[in-house]
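Everything below concerns the one structure shown next.
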Amino acid sequence: MARPVIMSVDDDPEVLNAVERDLRVHYGSDYRILKSGAPAAAIDVARQLQERGTPVAMFLVDQRMPGMSGTELLTEVRKLHPDARKVLLTAYADTQAAISSINDVELDYYLLKPWHPPEERLYPVLDDLLSDWKGVARVPYEGIRVVGSTWSATCYSAKQFLAGNHVPYQWIELERDTAIQEVVRPLAGDPPQLPVILFPDGTHLVAPSSRQLAEKIGIQTRAQLAFYDLIIVGAGPAGLAAAVYGASEGLHTLMIEESATGGQAGTSSRIENYLGFPAGVSGSDLARRATDQARRFGAELVTAQEAVGIRREDPYRVVQLSDGSEVSTKAVVLAMGVSVRQLNAAGEQSLLGAGVYYGAALFEAATYRDQDVSIVGGANSAGQGALFFSRYARKVTMLVRAESLVLTRVEITGFSGSGKLEKIALRKLDSGEEQAIGAAAAFIFIGAAPRTDMVAGAVERDDKGYILTGPDLPLEKDRPKGWLLDRDPYLYETSTPGVFAVGDVRAGSGKRVAAAVGEGSATVSMVHRYLETV
Ligand SMILES: Cc1cc2nc3c(=O)[nH]c(=O)nc-3n(C[C@H](O)[C@H](O)[C@H](O)COP(=O)(O)OP(=O)(O)OC[C@H]3O[C@@H](n4cnc5c(N)ncnc54)[C@H](O)[C@@H]3O)c2cc1C
């Protein structure tokens with residue numbers, strides 16, 4: 001297999017040689033290091049690499065070059081290698097140009113020249129970016145192979161689980177690969193069950209559940225201890241932050257996550273407003289880093305397990321899991337976030353995963369290269385999704401019910417297609433006129449609702465299901481209803497002492513990554529205060 005490429009471009013031969021030398025020393029064994037002294041030649045090489053299927057992991061490009069600026073060059077090469085990380089080499093005087101190009105080309109980093117010593121100023125940055133790239137790149141490798149059909153909901157959920165948990169895999173479309181058909185057809189049964197997942201050790205699984213898949217690849221699905229200081233339900237930004245602070249401050253901490261860490265943020269193609277990331281950060285990078293951080297401090301993470309209930313056995317709290325097991329704890333942080341609201345249009349269920357998707361489903365982007373896709377919804381996340389898919393698709397149409405810039409005042413009435421999405425049926429809200437548009441995929445972003453059924457009856461919620469905490473709890477005389485303790489509830493504490501709620505699931509929360517992270521970290525000091533009382 002061809003090694004992935006790191007390519008540097010600079011018209012100044014001295015700088016170019018210095019970059020190449022530094023790159024070769026540190027990355028030469030894993031990557032092919034290429035250099036070019038002219039933007040036009042660099043585009044040619046990038047095109048040849050694309051045609052040969054050789055992945056480019058990173059472009060390091062000088063901003064000031066004759067004929068074409070670094071930003072313009074990056075705009076061209078990202079069309080050929082959309083996953084490659086993009087780094088601009090700038091002099092101090094070009095910083096402004098670099099900052100503007102953060103938006104224009106979704107620049108990942110700008111590096112001020114000179115970068116010596118590279119051990120301090122070059123390699124740490126590039127290591128991070130390459131590790132991000134590995135998380136998204138579709139590089140052929142001898143690892144897990146998922147064989148199935150793009151138009152199958154079970155294949156979609158297996159891919160979603162692997163991608164969400166940052167497990168690299170190679171997707172093989174059964175119909176297009178005759179060699180693999182011979183291997184897989186006898187395993188898939190009749191009628192065939194898909195996907196068939198082939199593991200490097202020679203074993204396979206047929207249409208596995210998330211839990212079977214997790215167990216096979218060594219993702220922890222069961223708690224190691226029977227008792228913890230702190231159990232966190234949900235490993236989105238709020239839960240991850242609570243885990244980092246809880247574990248780093250000495251609490252035996254368990255996170256329970258039903259699908260993949262990162263929550264909603266993990267599905268965002270680019271979070272632009274998170275403090276300290278001027279170039280934005282993809283949700284999956286942020287989730288991966290936070291998960292590593294929580295684990296490094298000793299937090300335990302159980303995945304592919306849903307928390308289905310919570311019971312009070314004073315002074316302990318017992319969390320019930322979907323496999324029937326139970327785990328006890330002194331304190332609980334509920335960080336279940338919100339989940340996408342369903343559109344419930346005709347034909348939707350049968351085409352889910354076969355062209356109709358909720359949320360960004362970023363890992364499906366390459367499937368729709370050069371096809372027409374629609375984005376349903378008009379809020380921020382839909383806009384981000386549209387920008388992301390525009391890098392791959394031939395045409396992206398935004399379908400919005402409210403007044404807005406794109407195809408507006410329309411409502412989806414149904415999805416149709418034989419085996420996969422082909423058409424979206426629309427009704428114009430003003431005239432009632434019906435219309436259909438062709439689309440290979442529809443990504444639906446129409447808002448969200450809290451996920452709090454598991455705590456129904458256990459903690460107070462508002463009329464929309466969000467969990468009430470601290471000063472928001474309804475009072476009866478001076479204290480919340482049913483509250484027996486001789487103190488007020490702590491900040492983020494629910495109507496059940498020792499059970500806290502943070503992030504999007506909490507009534508009145510900020511509904512932002514930073515807000516969720518802030519609440520998740522701040523709640524840990526409240527947990528400590530509570531633990532002093534039990
Ligand atoms: C596409 C998109 C783009 C966004 N972009 C931005 C942005 O640019 N900037 C910004 O600030 N915000 C953005 N947001 C909002 C931001 O992602 C959320 O505010 C944030 O993720 C909330 O974090 P949370 O931890 O409270 O909940 P969530 O992120 O919703 O995470 C909750 C987690 O809990 C798990 N869970 C739920 N119930 C259970 C259960 N019973 N058992 C086990 N696990 C459970 C879920 O699987 C999930 O992983 C975006 C949201 C979306 C959807």
Side-chain angles (χ1 to χ4, degrees), residues 160-161 164-165 210-211 221 231-244 254-275 277 280-284 286-287 290-291 294 301-310 319-323 327 332-341 357-362 375 377 379-389 443-456 458 465-467 492 500-507 509-521 523:
Q160 190 178 35
F161 183 79
N165 284 287
S210 294
R211 198 171 312 149
T221 59
I231 290 183
I232 300 162
V233 181
L240 285 165
V244 166
L254 172 71
M255 273 183 289
I256 298 165
E257 169 55 53
E258 72 166 302
S259 48
T261 62
Q264 299 165 72
T267 69
S268 169
S269 50
R270 201 157 199 89
I271 297 163
E272 309 256 12
N273 54 357
Y274 192 58
L275 188 74
F277 291 87
V281 54
S282 87
S284 87
L286 193 66
T291 310
L301 168 66
V302 156
T303 311
Q305 278 285 7
E306 188 186 358
V308 291
I310 181 167
V319 178
Q320 298 149 316
L321 303 182
S322 48
D323 67 352
V327 210
V332 176
V333 169
L334 302 171
M336 291 96 76
V338 294
S339 59
V340 286
R341 193 170 287 141
Y357 305 93
Y358 276 92
L362 305 180
I375 304 288
N380 284 352
S381 50
Q384 277 178 351
L387 280 177
F388 179 79
F389 285 106
F443 296 91
I444 305 169
F445 300 81
I446 52 164
R451 317 186 46 186
T452 54
D453 289 351
M454 67 156 285
V455 290
Y466 289 97
I467 300 176
Y492 306 137
F500 298 79
V502 289
D504 281 14
V505 78
R506 191 180 68 77
S509 67
K511 310 286 182 287
R512 290 281 179 281
V513 177
V517 168
E519 291 187 11
S521 24
T523 198

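In each ligand, atom 1 is the first atom listed, and ligand 1 is the first ligand listed. Note that the coordinates shown come from a computational prediction; the quantities given were computed from them, not determined experimentally.
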Would you please name every residue forming a side chain to side chain contact (heavy atoms under 4.5 Å, CB included) with T452, sequence neighbours left out?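 If we apply the side chain to side chain contact (heavy atoms under 4.5 Å, CB included) test to T452, skipping adjacent residues, the hits are M336, P450, V455, R461, I467, V505.
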Which pair of heavy atoms, one from I232 and one from G239, lies closest together, and at what distance?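 Heavy atoms of I232 and G239 come nearest at CG2-CA, 3.6 Å.
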Minimum heavy-atom distance A290-L240, with the two atoms named: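 Here A290 and L240 meet closest at CB-CD1, 3.8 Å.
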Would you say ligand 1 has an N or O under 3.5 Å from any N or O of [X]?
| X | result |
| --- | --- |
| A514 | no |
| S381 | no |
| A265 | yes |

Below a 4.0 angstrom heavy-atom separation, can you tell me which part of [X], side chain or backbone, both or neither, approaches ligand 1?
| X | value |
| --- | --- |
| A260 | backbone |
| Q384 | side chain |
| P237 | both |
| N273 | side chain |
| V505 | neither |
| K511 | backbone |

For ligand 1, which atoms, with element, lie under 4.0 Å from some heavy atom of [X]?
| X | result |
| --- | --- |
| R512 | 10 (C), 11 (O), 12 (N), 19 (O) |
| Q305 | 43 (C) |
| V338 | 30 (O) |
| V233 | 40 (C), 42 (N) |
| I256 | 43 (C), 44 (N) |
| G337 | 27 (O), 28 (P), 30 (O), 32 (C) |
| G503 | 26 (O) |
| E306 | 40 (C), 41 (N), 42 (N) |

Evaluating non-hydrogen atoms only, which member of [options] is closest to [atom]?
| atom | options | answer |
| --- | --- | --- |
| atom 37 (C) of ligand 1 | R270, R451, E257 | R451 |
| atom 10 (C) of ligand 1 | V513, V517, V302 | V513 |
| atom 42 (N) of ligand 1 | A307, G164, A304 | A307 |
| atom 29 (O) of ligand 1 | E272, Q264, E258, M255 | Q264 |

Side chains of Q305 and T303: any donor to acceptor distance under 3.5 Å?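 Judged by distance alone, the side chains do not pair up.
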Between E306 and I256, is there a side-chain heavy-atom distance shorter than 4.5 Å?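 A side-chain contact is absent here, since even the closest heavy-atom pair is not under 4.5 Å.
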Is it true that a side-chain atom of [X] and a backbone atom of [Y] form a donor plus acceptor pair closer than 3.5 Å?
| X | Y | answer |
| --- | --- | --- |
| E257 | S259 | yes |
| Q384 | R270 | yes |
| S521 | G518 | yes |
| T267 | Q264 | yes |
| R211 | A304 | yes |

R506 near ligand 1, heavy-atom distance under 4.0 Å?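 Under 4.0 Å: no for R506.
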Taking the ring of Y492 and the ring of F500, is the distance between their centroids below 6.0 Å?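 Centroid distance F500-Y492: not below 6.0 Å, so no.
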Charged N to carboxylate O below 4.0 Å: is that the case for E519 and R512?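 No, no charged N to carboxylate O under 4.0 Å.
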For S210, give me all partners under side chain to side chain donor-acceptor pair (under 3.5 Å), at least two apart in sequence or on another chain.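 Testing S210 for side chain to side chain donor-acceptor pair (under 3.5 Å), a comparison that skips the adjacent residues, returns none.
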